Every structure is written in structure tokens, then in C-alpha cells.
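Only a predicted model underlies this, so the values are computations on that prediction, with no experimental measurement involved. In what follows, every heavy atom counts, from backbone to side chain, and hydrogens, waters and symmetry copies are set aside.
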Amino acid sequence: MRRVAVRRVNEWDGPSMLKIYTPYTGTPAAPEASPPDLQDYVQRIDQYTYGLGWLLCEIDYQTAGFCHLSEDPGDPEDLFSVEFRLYVKQGLLRRGVGAALWSLMRDMMEMGNRRRVLVRVHPENQEALGFFAAMGFVPLEGEPPAEPEKRWLVYHLKPWDPEAPKPTKPYLVEADDYEAAREHAATLVNTQGL
């Protein structure tokens, strides 16, 4: 039986994550035309992991995909609204890796009292549009915050404390809640036939 883990990222994951991200660069699926160098990528992970969150999915200790949050491009000062990005290793699409990563990230955002999450998808990327629709995202109403040529989708979260004055950082959510959500996310990955 294959071992599946969905967990928080650390800087040592940078090389394996960059290998997954590199084929996406220069395509409509990534914001960059070419891959960053490893040192820059690790610094990016260090900068955002604590405050916003990066997650990784592993199958038998090999990175299968990852996701991360960044500031809402329409209102970077709004800590309750974030943008979500997801990358799955080529050859592992449609195996639940993306669903597992989204499940844990959504749960952590709701535990942390965030209120909405955005994604931007190139209109030609029908697979991504279908995935996010299946996860419950709907078209964003009004003017897009950036890149109007892309489709903007939104997911309205259910914060555990809707009146919280600020969100709780991912590393500060209760350990028991995080572990339960992590274990559930791992069950969403289909390893049959790998």
C-alpha cells in the first residue's frame, strides 16, 4: 500500500516543488515565463509559508503536487481574502492530488477565519476550470482584480469565527484540528495502479 501524506511545506521541499513547477512556467498555467532559480524559490517559500501557507502532497515520500496562497491581487491589505495556486506533477492528474491539497488548504483557511479565496485560470485551461468548478468555485462578479483575459473564480469560505478581527496564521491553528484535516485529505488521493 502506498503512503500518502498531505502536509505543510518547509524549505527542504524547494527542489522537488521546483521540479513540478518548472513545466508549468511559460504556459498559461503559471504566472512566470521561466522558472525561478532554486535560491529565489526557497526564499519565496520561507517568505510566505508562515503567514499565508504552502502545502505539499507526497506519495511514497515523492512530491506529487503542492499549493500555496498569496495576497489578493485586488486588495493585498485584505488579510481575509487570498489567492490560491495549485500545481500537480505531470502524470498524476485526475488522481485526487489537487482535491487533497485543496481540501486541507480550505480547512486550514476556515480554521484560520479567512473569508474568501480567488483563483485565476486561462480560459483555454478547461481541465483547471472543471476542477475548480467541482471544488465549489463560482465566477467572480464584477471587475477582475488583474489579468482580465483570465477567468476569475471565487470560493466563499466558512470561517470558524466569522467575527475574528484578523485571520489566524496557518502554523497557529490547533494541532488536533490540523492533523484531522490532514488525515482526511490524504484519503482523497487515488494511488491504485501506481
If a pair satisfies side-chain hydrogen bond (donor to acceptor under 3.5 Å, both in side chains) and one of its residues is in residues 116-143, list it, with sequence neighbours excluded.
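Every side-chain hydrogen bond (donor to acceptor under 3.5 Å, both in side chains) pair that includes a residue of residues 116-143, provided the two are not neighbours, is Asp72-Arg116, Ser81-Arg116, Glu83-Arg120, Arg94-Glu127, Arg120-Glu147.
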Cationic tip of Arg114 within the cone over Phe80's six-membered ring, i.e. under 6.0 Å and within 45° of the normal?
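No.
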Applying the side chain to side chain contact (heavy atoms under 4.5 Å, CB included) criterion to Val119, which one of Leu153, Leu140, Val154, Leu129 satisfies it?
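When Leu153, Leu140, Val154, Leu129 are each tested with Val119, the side chain to side chain contact (heavy atoms under 4.5 Å, CB included) holds only for Leu153.
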Distance check, rounded to the nearest 0.5 Å: [X] atom [atom1] versus [Y] atom [atom2]?
| X | Y | atom1 | atom2 | value |
| --- | --- | --- | --- | --- |
| Leu18 | Asp13 | CG | CG | 12.0 Å |
| Asn113 | Leu157 | CG | CG | 10.0 Å |
| Lys19 | Gln62 | NZ | CD | 8.5 Å |
| Leu56 | Ser16 | CG | OG | 6.0 Å |

Which heavy atom of [X] sits nearest to which heavy atom of [Y], and what is that distance?
| X | Y | value |
| --- | --- | --- |
| Val4 | Cys57 | CG1-SG, 4.4 Å |
| Cys67 | Leu101 | SG-CB, 3.8 Å |
| Ala64 | Leu92 | CB-CD1, 3.6 Å |
| Ala185 | Ala100 | O-CB, 3.2 Å |

Compare all side-chain heavy atoms of [X] with those of [Y] and state whether any distance is below 4.5 angstrom.
| X | Y | result |
| --- | --- | --- |
| Pro159 | Glu110 | no |
| Val88 | Ile20 | no |
| Thr63 | Lys89 | no |
| Trp152 | Leu118 | yes |
| Pro31 | Thr25 | no |
| Val82 | Leu52 | yes |
| Met105 | Leu69 | yes |

Verify the cluster assignment for Ile59 and Leu93: are they in a single hydrophobic cluster under the rule of side-chain heavy atoms below 4.5 Å apart?
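Yes.
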Hey, can you pull the donor-acceptor pairs under 3.5 Å for the side chains in residues 187-194, sequence neighbours left out?
unit_1, atom_1, unit_2, atom_2, d
Thr187, OG1, His184, O, 2.5
Asn190, OD1, Gln192, N, 2.9

Should the heavy atoms of other residues, nucleotides or ligands under 6.0 Å from CG of Asp37 be counted, would the total exceed 12?
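Counting other residues, nucleotides and ligands, CG of Asp37 exceeds 12 neighbours.
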Would you say Arg182's side chain and Val6's backbone share a donor-acceptor pair under 3.5 angstrom?
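Yes, Arg182 side chain to Val6 backbone: donor-acceptor pair under 3.5 Å.
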ring-ring contact (aromatic ring centres under 6.0 Å, His included) partners of residues 88-108, not counting sequence neighbours, each pair once:
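For residues 88-108: Phe84-Trp102, Trp102-Phe137, Trp102-Tyr155.
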Taking ring pair (Phe, Tyr, Trp, His ring centres under 6.0 Å) as the definition, give me every residue that meets it alongside Tyr178, ordered by chain and number, with sequence neighbours left out.
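Scan of Tyr178 (ring pair (Phe, Tyr, Trp, His ring centres under 6.0 Å), adjacent residues dropped) gives none.
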Donor-acceptor contacts, no H, no angles, side chain residues 38-45, under 3.5 Å, sequence neighbours left out:
unit_1, atom_1, unit_2, atom_2, d
Arg44, NH1, Glu32, OE1, 3.1
Arg44, NH2, Glu32, OE2, 3.0

For Met17 and Tyr87, what are the C-alpha separation, side-chain angles and deciding distance, and is it a side chain to side chain contact (heavy atoms under 4.5 Å, CB included)?
CA-CA 9 Å; Met17 292 166 59; Tyr87 302 97; over 6 Å; no
Could you give me the CA-CA distance, side-chain angles and deciding distance for Arg115 and Met109, then say whether side chain to side chain contact (heavy atoms under 4.5 Å, CB included) is met?
CA-CA 8 Å; Arg115 297 181 185 145; Met109 286 188 288; over 6 Å; no
What pairs with Glu58 under salt bridge (Lys or Arg N to Asp or Glu O under 4.0 Å), at least two apart in sequence or on another chain?
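Counting only residues at least two positions away or on another chain, Glu58 forms a salt bridge (Lys or Arg N to Asp or Glu O under 4.0 Å) with Arg3, Arg7.
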Quick one: do Phe132 and Val121 satisfy side chain to side chain contact (heavy atoms under 4.5 Å, CB included)? Show the steps, please.
CA-CA 9 Å; Phe132 286 115; Val121 182; 3.9 Å; yes
Is there a side chain to side chain contact (heavy atoms under 4.5 Å, CB included) between Trp160 and Thr168 once you walk through the steps?
CA-CA 11 Å; Trp160 285 18; Thr168 301; over 6 Å; no
